[in-house]
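First listed ligand is number 1; within each ligand, the first listed atom is number 1. Keep in mind the model is a prediction, meaning the values are calculated, not measured.
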Amino acid sequence: MLGVLVPSETLPMSCSESMPLVVILMGPPGAGKGTHAGPLSEQLGLPHISTGDLFREHIRSQSTLGIQAKSFMDKGNLVPDVLVLDMLFDRVSKVDCKNGYILDGFPRTMPQAKELDQRLGSRNRIIALNFNLPDSTIIERVIGRIACKNCGRPFHKKFDPPKIEKVCDNCSGPLHQRDDDKEEIIRKRLEVYRVQTEPLINYYAKQKSVLKEINSQNAKAQVFHDVMEALPSTPTAVSR
Ligand code: AMP
């Protein structure tokens, strides 16, 4: 867990006392979205929903959706919107999302962002956190990252190594590198990010009080602190 303690009276609201809060984690691959999503989910009491993880679950269970998605993911391309949208909206319709949720890896295209806005209407508070990082750092970060096959806990070979090599600190599961984190694929994913996803920064910047910039080059604890600071605060403690 990160070394940042946030006093309960200054915690951002999980919105059971207000509108549901939808936090969108944006930024290129390797910018820290997945790293901070877990602790943020714990701190806010809101579910972490990663479309990449949902697809990987479908791939593991060899569902039709998983088989379709894999052919795009293996090449570093985005999965077509039509396949993403149904899966995502099905997930966020579950009861655990009633007070809000944290989106990691969604939206990634303009049609996805517009569809999300349309579904949410004005009944939700949206905050888009843009984790920015220079290109030079991205490749180094991504090719070193590994994650637990069982619980998904992320590690980094150089910056955040497990206590025992290839073994998860959390559940002792085996650690592995994602196929699409290999260098040639990550270069392709970055290119796709620039063309299809980066324009969303401007889209959210035009909406009042939605976009917050996070300097992801800082130390992990500092980044998490900045994330918490960027969220709306409430004088009362979070209710879970
Ligand atoms: P991630 O785990 O977020 O890096 O996503 C891994 C891969 O899943 C991406 O490179 C895409 O192929 C696919 N993917 C995840 N989320 C989306 C999305 N919102 N739209 C399209 N493809 C996605």
Side-chain angles (χ1 to χ4, degrees), residues 22-38 40-41 47-92 97 101-120 126 128-133 138-139 141-149 151-156 175-201 203-204 216:
V22 176
V23 181
I24 301 173
L25 306 182
M26 302 178 65
K33 305 184 294 292
T35 301
H36 294 288
L40 186 59
S41 160
H48 163 210
I49 297 170
S50 152
T51 40
D53 285 350
L54 292 175
F55 282 130
R56 283 183 285 276
E57 270 170 44
H58 277 281
I59 292 171
R60 268 195 296 278
S61 65
Q62 299 189 321
S63 71
T64 309
L65 176 59
I67 292 163
Q68 287 173 310
K70 189 173 179 346
S71 62
F72 297 96
M73 291 167 73
D74 283 351
K75 295 191 187 83
N77 288 318
L78 293 185
V79 177
D81 290 339
V82 62
L83 299 181
V84 183
L85 290 168
D86 279 353
M87 177 183 76
L88 188 272
F89 290 119
D90 178 57
R91 175 64 189 90
V92 301
C97 293
Y101 42 89
I102 299 161
L103 290 173
D104 166 8
F106 183 94
R108 260 180 158 106
T109 64
M110 203 57 92
Q112 289 179 17
K114 288 186 174 161
E115 187 68 29
L116 180 68
D117 273 352
Q118 209 165 3
R119 299 252 185 162
L120 294 178
I126 302 181
L129 302 175
N130 183 38
F131 289 75
N132 50 61
L133 194 68
I138 292 174
I139 303 282
R141 278 209 189 175
V142 175
I143 58 178
R145 71 181 180 186
I146 41 180
C148 177
K149 268 196 168 169
C151 72
R153 156 84 152 87
F155 294 88
H156 192 281
L175 302 182
H176 74 127
Q177 184 188 41
R178 279 166 44 178
D179 288 342
D180 60 351
D181 276 350
K182 308 257 157 63
E183 191 164 346
E184 66 282 9
I185 305 293
I186 190 61
R187 288 194 189 281
K188 170 70 184 174
R189 287 171 61 205
L190 256 179
E191 202 183 298
V192 167
Y193 169 78
R194 296 285 174 234
V195 176
Q196 292 185 265
T197 309
E198 209 170 44
L200 298 187
I201 298 171
Y203 176 78
Y204 286 116
S216 200

Proximal ligand 1 atoms for [X], defined as those under 4.0 Å from one of its heavy atoms:
{"X": "Met73", "answer": "7 (C), 8 (O), 12 (O), 13 (C)"}
{"X": "Thr51", "answer": "15 (C), 16 (N), 17 (C), 19 (N)"}
{"X": "Arg56", "answer": "2 (O), 6 (C)"}
{"X": "Gln112", "answer": "18 (C), 19 (N), 20 (N), 21 (C)"}

Just heavy atoms, cut-off under 4.0 Å: does [X] contact ligand 1 by side chain, backbone, both, or neither?
{"X": "Val79", "result": "both"}
{"X": "Lys33", "result": "neither"}
{"X": "Asn77", "result": "backbone"}

Task: Side chains of Asp117 and Tyr203, donor plus acceptor under 3.5 Å - done: yes
TODO: Tell me yes or no: between the side chains of Asp81 and Thr109, is some donor less than 3.5 Å from an acceptor?
DONE: yes
Strictly distance-based, threshold 3.5 Å: is any side-chain N or O of [X] a donor or acceptor partner for the main-chain N or O of [Y]?
{"X": "Lys33", "Y": "Gly27", "result": "yes"}
{"X": "Ser41", "Y": "Ala37", "result": "no"}
{"X": "His156", "Y": "Arg141", "result": "yes"}

Open item on the list: Students should be able to answer this: which protein heavy-atom is nearest to atom 6 (C) of ligand 1, and at what distance?
Closed with: Arg178 NH2, 3.5 Å
Task: Identity and separation of the nearest protein heavy atom to atom 10 (O) of ligand 1 - done: Arg189 NE, 3.6 Å
- [ ] Could you tell me if any non-hydrogen atom of Phe106 lies under 4.0 Å from any atom of ligand 1?
- [x] yes
Open item on the list: Are Phe106 and Arg108 packed together at the side-chain level, in the sense that at least one heavy-atom pair is separated by less than 4.5 angstrom?
Closed with: no
TODO: Considering only NZ, NE, NH1 and NH2 on the basic side and carboxylate oxygens on the acidic side, decide whether Arg189 and Asp181 come within less than 4.0 Å.
DONE: yes
Task: Residues Glu191, Arg187: salt bridge by 4.0 Å N-O rule - done: no
- [ ] From atom 9 (C) of ligand 1, work out which of Gln196, Lys188, Arg108 has a heavy atom at the shortest distance.
- [x] Arg108
